[in-house]
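Heads up: the structure comes next, in structure tokens.
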Amino acid sequence: LTATPVRMTDTATNQLMSLFDNQIIAETPMSSLIAKGILATPYYHPINTNIDFDTTITLDEQNYIRKWGELSPALMEVVARTAERNELIIRTYMNRREEFGKTLIFALNATHCISLCEGLQKEAVRCDYIYCAHSGNAEKIARFKSGDLDVLVNINIMTEGSDVPEIQTVFLTRPTSSDVLLMQMI
């Protein structure tokens with residue numbers, strides 16, 4: 001059973017499909033699951049940072065984006081270290097903290113993940129962060145689920161198989177051109 005039979009790459013999709021003799025036995029559209037209340041209805045509220053990164057993108061980075069559909073690691077680092085953008089993310093949360101409730105934030109990389117978490121902690125938000133190279137993730141997820149944390153900042157850890165019905169808000173502070181990843185994060 002999988003909620004996402006289509007993966008980020010054709011190779012990964014083919015590997016998954018081969019486990020099931022290349023057959024999908026039953027399929028339910030996401031819209032049906034939302035209509036039945038199994039999945040939450042997403043409400044999209046874009047926040048414009050008014051920061052122009054286009055002028056800093058090199059030709060190599062443009063080629064990387066075309067090939068992989070994502071920002072290059074170097075460009076991710078530039079965006080992650082942009083204090084003005086990070087402060088806007090934190091202010092947006094703080095200004096609507098009560099409305100947002102339990103919040104999951106998807107960050108770009110470790111620099112971004114830690115920076116957002118530390119910024120929220122300075123505002124007295126019960127917050128922590130998780131990412132693949134960091135220890136203690138299971139304990140932090142348990143604290144988030146139990147209500148000890150109001151915000152959890154992560155890098156693609158909470159995309160698949162995560163079930164935290166109490167989450168009210170998801171911040172997508174990282175770009176993606178992948179429909180699969182976007183659906184998983186939401």
Side-chain angles (χ1 to χ4, degrees), residues 1-49 65-71 76 79 88-89 92-93 95-109 112-113 116-117 120 125-132 137-186:
L1 176 66
T2 180
T4 52
V6 177
R7 299 299 180 173
M8 301 275 285
T9 65
D10 289 339
T11 301
T13 298
N14 291 337
Q15 287 174 334
L16 178 64
M17 290 299 292
S18 70
L19 293 173
F20 298 98
D21 295 325
N22 294 311
Q23 295 181 24
I24 295 178
I25 297 168
E27 193 170 359
T28 303
M30 186 180 289
S31 58
S32 174
L33 296 173
I34 292 170
K36 291 178 182 178
I38 295 168
L39 295 178
T41 302
Y43 297 98
Y44 178 65
H45 299 282
I47 306 295
N48 191 341
T49 64
I65 292 167
R66 269 190 228 99
K67 180 177 181 179
W68 300 105
E70 298 288 340
L71 299 180
M76 278 191 196
V79 175
L88 177 61
I89 293 166
T92 298
Y93 174 80
N95 289 341
R96 296 172 63 187
R97 183 178 183 176
E98 293 302 316
E99 177 186 346
F100 288 153
K102 185 176 283 296
T103 300
L104 179 64
I105 299 176
F106 285 94
L108 282 161
N109 60 17
H112 196 224
C113 192
L116 291 176
C117 182
L120 289 164
V125 174
R126 297 181 312 158
C127 179
D128 215 329
Y129 64 89
I130 58 174
Y131 60 91
C132 67
N137 288 344
E139 182 267 331
K140 292 176 183 182
I141 292 169
R143 288 179 52 221
F144 183 60
K145 286 181 174 183
S146 74
D148 289 343
L149 297 174
D150 297 318
V151 177
L152 187 62
V153 186
N154 84 108
I155 310 166
N156 294 339
I157 296 285
M158 301 290 285
T159 53
E160 288 187 54
S162 301
D163 187 20
V164 187
E166 296 80 16
I167 293 174
Q168 290 178 255
T169 305
V170 176
F171 274 44
L172 305 179
T173 66
R174 53 145 308 156
T176 184
S177 61
S178 166
D179 290 341
V180 173
L181 181 57
L182 181 64
M183 286 187 293
Q184 288 173 334
M185 289 189 292
I186 294 171

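Heavy atoms only: backbone and side chains are in, while hydrogens, waters and symmetry mates are out.
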Q. Which residues pass the side chain to side chain contact (heavy atoms under 4.5 Å, CB included) test with Ser146, sequence neighbours left out?
A. Asp148
Q.
Going by the rule side chain to side chain donor-acceptor pair (under 3.5 Å), which residues pair with Asn22 if we only count those two or more places apart in sequence or in a different chain?
A. none
Q | Separation between OG of Ser162 and CD1 of Ile141, rounded to the nearest 0.5 Å | A | 6.5 Å
Q) For residues 165-177, which residue pairs qualify under salt bridge (charged side-chain N to carboxylate O under 4.0 Å, His left out), counting only residues two or more places apart or in two chains? A) Glu70-Arg174
**Q.** ring pair (Phe, Tyr, Trp, His ring centres under 6.0 Å) partners of Tyr93, counting only residues at least two apart
**A.** none
**Q.** Audit row: Thr103, Val170, side chain to side chain contact (heavy atoms under 4.5 Å, CB included) steps and yes/no
**A.** CA-CA 6 Å; Thr103 300; Val170 176; over 6 Å; no
Q. Rounded to the nearest 0.5 Å, how far apart are CG of Leu152 and CG of Leu120?
A. 11.0 Å
(Q) Show every ring-ring contact (aromatic ring centres under 6.0 Å, His included) that has at least one partner inside residues 145-184, sequence neighbours left out. (A) Phe100-Phe171
Q. So do the side chains of Leu116 and Thr173 get within less than 4.5 Å of each other, counting heavy atoms only?
A. yes
Q: Using salt bridge (charged side-chain N to carboxylate O under 4.0 Å, His left out) as the criterion, list what pairs up with Lys140, not counting sequence neighbours.
A: Asp128
Q. Which distance, rounded to the nearest 0.5 Å, do you find between the OH of Tyr129 and the CG of Leu149?
A. 12.5 Å
Q: Could you tell me which residues satisfy salt bridge (charged side-chain N to carboxylate O under 4.0 Å, His left out) with Glu99, sequence neighbours excluded, listed by chain and number?
A: Arg96
(Q) Can you confirm whether Met158 sits close enough to Val164 that some side-chain heavy atom of one is under 4.5 Å from a side-chain heavy atom of the other? (A) yes
Q: Just jot down the side chain to side chain contact (heavy atoms under 4.5 Å, CB included) partners of Asn109, sequence neighbours excluded, or say none.
A: Met76, Glu77, Ala80, Thr111, His112
Q) How many angstroms lie between atom CG of Leu104 and atom CE of Met185, to the nearest 0.5 angstrom? A) 10.0 Å
Q. Restricting to pairs with a member in residues 142-164, which pass ring-ring contact (aromatic ring centres under 6.0 Å, His included), not counting sequence neighbours?
A. none
Q | Which atom of Asn154 lies closest to which atom of Ile157, heavy atoms considered | A | OD1-N, 3.0 Å
**Q.** Distance (rounded to the nearest 0.5 Å) between Ile89 CD1 and Thr49 OG1
**A.** 8.5 Å
Q: Show the numbers, then the answer: is there a side chain to side chain contact (heavy atoms under 4.5 Å, CB included) between Ile155 and Leu108?
A: CA-CA 6 Å; Ile155 310 166; Leu108 282 161; over 6 Å; no
Q | For Arg126, all residues meeting side chain to side chain donor-acceptor pair (under 3.5 Å), sequence neighbours excluded | A | Asp150
Q. Taking it one step at a time, do Val125 and Arg97 satisfy side chain to side chain contact (heavy atoms under 4.5 Å, CB included)?
A. CA-CA 9 Å; Val125 174; Arg97 183 178 183 176; 3.7 Å; yes
(Q) Nearest 0.5 angstrom please: Ile130 CD1 to Cys113 SG, how far? (A) 7.5 Å
Would you give me the side-chain donor-acceptor pairs under 3.5 Å for residues 31-46, sequence neighbours excluded?
none

Q: State, to 0.1 Å, how close Cys127 and Cys117 come at their nearest heavy-atom pair, and which atoms those are.
A: SG-SG, 3.6 Å
